[in-house]
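This one's a predicted model, so the numbers in the text were calculated from it and none came from an experiment. All residue numbers refer to positions in the sequence shown, counting from 1.
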Amino acid sequence: MAEKDTQRKVLAVLAGGLVLGVGIGVTLAAWNDSEFATGTFTAGSFNLEGSTTSATDGYDDHNVDLGDTAAALVFQLPAVASSMSPGDVVYAPFWVRLDSTTTNGATLVPSGITAGTGGNEANLSYTVTAIDAGDVCDATAAGTVVATGTTLSAQTGATSVPLAEGAPAGTAGTPVQLCFAVTAGAGLTQGAAATATWEFTATSTAN
């Protein structure tokens with residue numbers, strides 16, 4: 001009988017120990033603390049716009065991929081683009097800039113040319129030169145040649161030029177003028193026309 005009583009006491013102690021152990025576990029579990037961190041990420045804005053009018057006026061979007069109409073270049077003297085002869089060269093300016101909502105600078109690169117119909121695409125060559133916004137786009141224009149083509153269906157020599165975002169914020173970036181020079185070849189077909197659409201892509205750069 002005494003042995004059974006001893007066993008009961010041992011079991012009681014063990015049970016008490018188990019209860020005490022649970023009690024300690026609960027106490028330790030209550031010693032917790034947490035820290036939370038949150039971040040808000042807002043994307044910048046980016047938009048390229050162009051003008052056939054001047055460095056300061058007439059800017060609009062001309063992204064054909066988004067449903068806009070391509071800007072119609074206005075070719076000027078010494079020859080009239082609607083009545084070219086072999087050897088004639090015509091010039092047209094096109095200004096591009098980052099608009100006032102743009103928050104990052106960019107690089108601009110000619111990304112392709114699409115020649116339309118008309119019959120004289122193979123008889124016209126071209127050069128596109130990036131010049132200062134205020135310079136005259138004519139035979140004296142000097143700058144970075146960004147694209148050339150021996151025909152209106154070809155493009156070689158693609159070179160990028162930088163575009164700066166506006167400073168201060170909320171203003172348009174400094175414009176770059178693209179001077180297009182189109183030369184009529186010896187094989188120019190009388191009465192035939194030719195069309196071409198140049199594409200330029202601006203890619204945002206990190207500040």
Undergrad: Counting only N and O atoms by type, is there a donor-acceptor contact under 3.5 Å from the side chain of T114 to the main-chain atoms of G112?
TA: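 Not a single qualifying donor-acceptor pair exists.
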
Undergrad: Without swapping roles, check the side chain of N63 against the backbone of D65 for a donor-acceptor pair under 3.5 Å.
TA: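 Yes; at least one donor-acceptor contact below 3.5 Å.
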
Undergrad: Measure the shortest side-chain to side-chain distance between F46 and T103 over non-hydrogen atoms and say whether it is less than 4.5 angstrom.
TA: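 SC-SC contact between F46 and T103 ruled out.
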
Undergrad: When you compare the side chain of T107 with that of T205, does any pair of heavy atoms fall below 4.5 Å?
TA: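 Yes, at least one pair of side-chain atoms sits under 4.5 Å.
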
Undergrad: Restricting to non-hydrogen atoms, name the atom on A184 and the atom on S85 that form the minimum distance, rounded to 0.1 Å.
TA: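 Where A184 meets S85 most closely, the heavy atoms are CB-O, 3.3 Å.
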
Undergrad: Would you give the length of the straight line joining atom OG1 of T69 to atom NE2 of H62, rounded to the nearest 0.5 angstrom?
TA: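 So the OG1 of T69 and the NE2 of H62 are separated by 8.0 Å.
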
Undergrad: Between the side chain of T102 and the main-chain N/O of N104, is any donor-acceptor distance below 3.5 Å?
TA: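 Checking the backbone N and O of N104 against the side chain of T102, no donor-acceptor pair under 3.5 Å is found.
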
Undergrad: What pair of heavy atoms forms the shortest contact from Y91 to C137, and how long is it?
TA: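 The pair with the smallest heavy-atom distance is CB-O, 3.5 Å.
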
Undergrad: Using the side chain to side chain contact (heavy atoms under 4.5 Å, CB included) rule, pick out the option among N123, L124, N120 that qualifies with L152.
TA: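 The single option meeting the side chain to side chain contact (heavy atoms under 4.5 Å, CB included) with L152 is L124.
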
Undergrad: For a quick test of reading the model, state the closest non-hydrogen atom pair linking D138 to C179 and the distance between them.
TA: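 It is N-SG, 4.1 Å.
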
Undergrad: Indicate the atoms forming the closest heavy-atom contact of P110 with Q155, along with that distance.
TA: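 Scanning both residues completely, I find the closest heavy atoms to be O-NE2, 3.4 Å.
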
Undergrad: Can you tell me if T156 and T148 form a side-chain donor-acceptor pair at under 3.5 Å?
TA: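 Distance-only check passes for T156 and T148.
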
Undergrad: With side chains defined as the heavy atoms from C-beta onward, is the minimum distance between F75 and V182 less than 4.5 Å?
TA: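 The answer is yes, as the side chains (C-beta and beyond) meet within the 4.5 Å cut-off.
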
Undergrad: Taking the ring of F180 and the ring of W198, is the distance between their centroids below 6.0 Å?
TA: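 Yes, ring centres under 6.0 Å apart.
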
Undergrad: For a quick test of reading the model, state the closest non-hydrogen atom pair linking G105 to E165 and the distance between them.
TA: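 G105 and E165 have their closest heavy atoms at N-OE1, 3.1 Å.
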
Undergrad: Grab the two heavy atoms, one from V176 and one from P162, that are nearest each other, plus how far apart they are.
TA: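 Taking every non-hydrogen atom into account, CG2-O, 4.0 Å.
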
Undergrad: Side chains of S125 and T183, heavy atoms from C-beta outward: is any pair under 4.5 Å?
TA: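 S125 reaches T183 side chain to side chain.
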
Undergrad: Quick check against the 3.5 Å criterion: does Y59 have a side-chain atom that pairs as donor or acceptor with the backbone of L48?
TA: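 Side chain of Y59 to backbone of L48: no pair is present.
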
Undergrad: Applying side chain to side chain contact (heavy atoms under 4.5 Å, CB included) to T203 and T201, what does each step give before you reach the verdict?
TA: CA-CA 6 Å; T203 303; T201 301; 4.2 Å; yes

Undergrad: Do the side chain of S204 and the main chain of A106 share a donor and acceptor less than 3.5 angstrom apart?
TA: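 Judged by distance alone, no pair lies under 3.5 Å.
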
Undergrad: Indicate yes or no: at least one non-hydrogen side-chain atom of W95 is less than 4.5 angstrom from one of T53.
TA: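 Side chain of W95 against side chain of T53, heavy atoms only: no contact under 4.5 Å found.
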
Undergrad: With distance as the sole test, does S51 use its side chain to make a donor-acceptor pair with the main-chain N or O of S54 at under 3.5 Å?
TA: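 Yes, S51 side chain to S54 backbone: donor-acceptor pair under 3.5 Å.
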
Undergrad: Would you say E199 and I113 make side-chain contact, with heavy atoms under 4.5 Å?
TA: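 A side-chain contact is absent here, since even the closest heavy-atom pair is not under 4.5 Å.
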
Undergrad: Can you get from V145 to I131 by hopping between Ile, Leu, Val, Met, Phe, Trp and Tyr side chains that sit under 4.5 Å apart?
TA: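 The answer is no; the residues belong to distinct hydrophobic clusters.
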
Undergrad: Check the pair D60, E49 against side chain to side chain contact (heavy atoms under 4.5 Å, CB included), reporting the backbone distance first and the verdict last.
TA: CA-CA 5 Å; D60 205 347; E49 57 185 6; over 6 Å; no

Undergrad: Just wondering, do L108 and L178 contact through their side chains at under 4.5 Å, heavy atoms?
TA: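 Yes, side chains in contact.
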
Undergrad: For residues N47 and D99, is any side-chain donor paired with an opposing acceptor at under 3.5 Å?
TA: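 There is such a pair (donor and acceptor under 3.5 Å, judged by atom type) between the side chains of N47 and D99.
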
Undergrad: Output yes when a side-chain donor or acceptor of T151 lies under 3.5 Å from a complementary backbone atom of S153, and no otherwise.
TA: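 Side chain of T151 to backbone of S153: a pair is present.
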
